[in-house]
Amino acid sequence: MKPRKTIREIEVDGRRVFVRVDFNVPVENGEVTNDKRIRATIPTINYLKEHGARIILASHLGRPKGERKPEFSLAPVAKRAEEILGTPVKFVEDCIGPEVEKAAAELENGEILLLENLRFHKGETKNDPEFARALAKSAELYVNDAFGTAHRAHASTVGVPALLKPAVAGFLIEAELKYLGEALSNPKRPFVAILGGAKVSDKIPVIESLLEKVDALLIGGGMAFTFLKAQGYDVGRSLLEEDQIEMARGFLKKAKERRVKLLLPVDVVVASDMKNPEDARTVPIDTILSDQAGYDIGVETVHRFGDVIREAGTVVWNGPMGVFEKEQFASGTLGIAQAVATSSAVSIVGGGDSVAAVSRLQLENRLTHVSTGGGATIEFLEGKELPGVAALDEAESSAREAAVEGAA
Ligand code: ADP
Ligand code: MG
């Protein structure tokens, strides 16, 4: 995917800018309980403010399915954003209509307005052209800083940027494109991918795409058992997708042909019942009993995966190594997280649960890039074009060359 124009390259002084942000945060009893996503947009908002833009923020929250439901209101988010930014954030109780237009027209340079939940209107997820026109009416330029919804072709991610030009990337999307894009197109080698999570079937296109690019592929998590079964091991009651065994066999063959080092667990933590893991213990992969299931990778596996990670130039990680939500099955994910955090490689973690695991271990700052997208990150790794990114203007070639020279 070609580089996109960013807010650095456009003139925003005195202009009304529609900024698509991801303020889809948890709210309980009218209070934001986790404001990480709000904080993540501060660099973009502050940049626009300092450069005199009149800022119109738009986001969705939850799945109100096109209806106005008070529990999905962004009003509590306006309040929290105001506290974090230390500056007033005005709020209007809709995202289209005369009241919004009036509030937008009254904005002074550097002032901020937050619109009500985009998904209170059915036109948002349908990318209805009329709804997009109504959204675009109050603004002159478009900025997208919501990578998490970039894989969706919605009115606010695709419809509006077709109407407001320039349409550019904010700092969050810029960082995502830089790190994910560079890792896939021009990785520092050896390029190592770590894949885990529950199912092979969820990750087939990711495996397919990465096998074309990586030097080593480390597979843990539930999906490893389908690969182990394909190699002839008995996996007991471990997560197994019978209908994917052939697929796994094909991947093993392809890895061999392409000389990709593909590592599977050599030991696993087994238990007879995930909910009552009193009997959890680590066993070699060829000794799983028929009434046991594997819920984590073992220490020897962490050690071997770690050796490959330490040698890596680039590491991309998606999917936990085990049922990390449970303490008894978290050490594999913990061990790998630590190995990635301490390696000198360019390190990128993406995926909802993987990022949750890394953030629970407070290792975010020791990685090069923690991707903010769940589904969007996976689709990027699959090599798909994200509609919300494709809708943005391409970077001017002079800016692109300057960036390349700067990097050299
Ligand atoms: P991500 O959100 O990072 O893409 P996934 O959604 O694919 O990751 O997978 C995360 C889930 O996989 C977690 O809920 C975890 O409990 C589960 N999981 C990991 N290893 C196993 C295993 N061995 N057996 C069953 N579930 C597993
Ligand atoms: Mg997940």
Side-chain angles (χ1 to χ4, degrees), residues 24 147-148 151 176 180 193-210 217-229 233-242 244 248 263-277 280-283 285 288-289 291-299 301-302 305 315-337 340 347-361 363-364 367 369-382 384:
N24 182 25
F147 187 72
H151 60 314
E176 296 282 359
L180 293 174
I194 311 164
L195 289 179
K199 292 155 130 198
V200 187
S201 48
D202 287 345
K203 305 283 167 80
I204 288 170
V206 180
I207 303 172
E208 233 150 35
S209 161
L210 289 174
L217 179 58
L218 316 179
I219 296 182
M223 71 159 84
F225 295 100
T226 302
F227 282 88
L228 289 164
K229 184 77 181 179
Y233 291 103
D234 285 326
V235 298
R237 290 193 301 102
S238 306
L239 197 68
L240 174 67
E241 288 169 277
E242 299 271 2
Q244 301 298 334
L263 266 59
L264 292 170
V266 291
D267 58 349
V268 287
V269 181
V270 294
S272 42
D273 180 4
M274 184 174 84
K275 298 211 174 72
N276 305 296
R281 61 202 180 87
T282 306
V283 300
I285 206 68
I288 301 176
L289 302 176
D291 63 340
Q292 293 175 332
Y295 295 116
D296 195 12
I297 58 173
V299 274
T301 304
V302 171
F305 283 13
V315 177
V316 168
W317 179 16
N318 166 253
M321 295 291 100
V323 182
F324 74 102
E325 298 93 336
K326 276 207 169 298
E327 197 194 319
Q328 289 89 346
F329 308 121
S331 44
T333 301
L334 183 101
I336 295 304
V340 175
S347 52
I348 299 164
V349 177
D353 293 290
S354 324
V355 170
V358 164
S359 100
R360 216 169 66 196
L361 302 168
L363 289 171
E364 289 130 311
L367 303 169
H369 182 63
V370 176
S371 184
T372 52
T377 308
I378 307 281
E379 289 196 19
F380 197 104
L381 294 177
E382 289 172 2
K384 284 196 192 139

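Just so you know, ligand 1 is whichever comes first in the structure, and atom 1 is the first atom listed for that ligand. All residue numbers refer to positions in the sequence shown, counting from 1. As the structure is a computational prediction, the values presented were derived from the model and not from experiment.
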Nearest heavy atom to atom 6 (O) of ligand 1, choosing from Val355, Asp353, Leu240, belongs to Asp353
Which protein non-hydrogen atom lies closest to atom 21 (C) of ligand 1, naming both residue and atom, and how far is it?
Gly222 N, 3.3 Å
Option of least heavy-atom distance to atom 7 (O) of ligand 1 (set: Lys326, Met223, Lys203)
Lys203
With sequence neighbours left out, write down each residue that passes ring pair (Phe, Tyr, Trp, His ring centres under 6.0 Å) with His369, or none if nothing qualifies.
Tyr179
At under 4.0 Å between heavy atoms, is it the side chain or the backbone of Phe225 that contacts ligand 1, or both, or neither?
side chain
Filtering Gly322, Pro320, Gly221 for the heavy atom nearest atom 18 (N) of ligand 1 leaves Gly322
Within less than 2.8 Å of the Mg ion (ligand 2): protein N, O or S atom count:
1
Quick one: look at Asn318 and ligand 1, take heavy-atom pairs under 4.0 Å, and tell me if it's side chain, backbone, both or neither.
side chain
Candidate pair Ser201 and Glu241, rule side-chain hydrogen bond (donor to acceptor under 3.5 Å, both in side chains), full reasoning:
CA-CA 8 Å; Ser201 48; Glu241 288 169 277; 2.4 Å; yes
Test item: Val268 and Val283 side chains (from C-beta on) under 4.5 Å apart, heavy atoms
yes
Residue set satisfying side-chain contact (heavy atoms from CB on, under 4.5 Å) with Ser347, at least two apart, ordered chain then number -> Val340, Leu367, Thr368
Interfacing atoms of ligand 1 (cut-off 4.0 Å, heavy-atom, Ser354):
1 (P), 3 (O)
Nearest neighbour in protein (non-hydrogen) for atom 26 (N) of ligand 1:
Val323 CG2, 3.7 Å
Output the list of atoms in ligand 1 that are nearer than 4.0 Å to some heavy atom of Gly351, sorted by atom number.
2 (O), 3 (O), 4 (O)
Polar contact flag for Leu239 and ligand 1 (N/O pairs, less than 3.5 Å)
no
If the condition is ring pair (Phe, Tyr, Trp, His ring centres under 6.0 Å), which residues does Tyr295 pass it with, not counting sequence neighbours?
Phe329
List the closest protein heavy-atom neighbour of atom 9 (O) of ligand 1: residue, atom name, distance to the nearest 0.1 Å.
Gly197 CA, 3.1 Å
What atoms of ligand 1 come within less than 4.0 Å of a heavy atom belonging to Gly319?
3 (O), 8 (O)
